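One structure below.
What you see is a predicted model; the values in this text were computed from it and never measured. FYI, the numbering just counts along the sequence from 1.
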Amino acid sequence: MTWIGPKGQKKQATCVPGQKLRDIARGAGIPIRYDCQEGTCRTCEAMVGGSRQKICQARMPNKDVSIKYNIRF
């Protein structure tokens, strides 16, 4: 998977399908903003393979994806 930051910076991470995106981000040193940790505040919302998802709740899909994080919708 590829993490893409708000300024276009990219970082590759290795992961397993079904793994929590929050855990992958922490392991890769990706600075995701969180508030509620429950998926209600939408602070951690990111574009995962072209769709909006909450990083604190989402899991890695069964395919390679790019995730744009810390962006404003």
Side-chain angles (χ1 to χ4, degrees):
M1 76 178 327
T2 304
W3 293 96
I4 303 171
K7 295 180 181 178
Q9 66 274 34
K10 294 181 180 182
K11 186 167 188 177
Q12 297 290 326
T14 303
C15 52
V16 176
Q19 188 176 1
K20 289 184 178 182
L21 293 180
R22 174 183 61 203
D23 296 338
I24 299 168
R26 284 183 184 153
I30 302 298
I32 303 289
R33 291 184 217 123
Y34 299 99
D35 280 334
C36 71
Q37 298 288 331
E38 298 173 1
T40 56
C41 72
R42 298 174 51 193
T43 301
C44 66
E45 216 170 45
M47 291 299 288
V48 179
S51 65
R52 291 183 188 188
Q53 293 190 26
K54 298 166 188 141
I55 298 297
C56 71
Q57 299 293 307
R59 294 184 179 269
M60 179 63 191
N62 289 330
K63 61 182 181 177
D64 190 29
V65 294
S66 292
I67 300 175
K68 294 181 183 179
Y69 65 93
N70 291 348
I71 56 177
R72 296 182 184 208
F73 292 103

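The main-chain N or O of Val16 is found under 3.5 Å from a side-chain atom of Gln19 such that the two form a donor-acceptor pair.
Side-chain contact between Leu21 and Lys54 is absent, with no heavy-atom pair separated by less than 4.5 Å. Between Met47 and Ile67 there is no side-chain heavy-atom pair separated by less than 4.5 Å.
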Would you mind writing out the side-chain donor-acceptor pairs for residues 23-41 within the sub-3.5 Å range, not counting sequence neighbours?
unit_1, atom_1, unit_2, atom_2, d
Asp35, OD2, Thr43, OG1, 2.8
Gln37, OE1, Arg22, NH1, 3.4

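With sequence neighbours excluded, no residue forms a side-chain hydrogen bond (donor to acceptor under 3.5 Å, both in side chains) with Gln9.
Cluster annotation: Ile4 is not connected to Ile55 through the hydrophobic network of ILVMFWY side chains, with a link wherever side-chain heavy atoms come within less than 4.5 Å.
Smallest separation of non-hydrogen atoms from Lys10 and Thr2: CB-CG2, 4.2 Å.
In this structure, Gln53 CD and Cys44 SG are separated by 10.5 Å, a value rounded to the nearest 0.5 Å. Distance CD/Gln12 to OG/Ser66: 8.0 Å, rounded to 0.5 Å.
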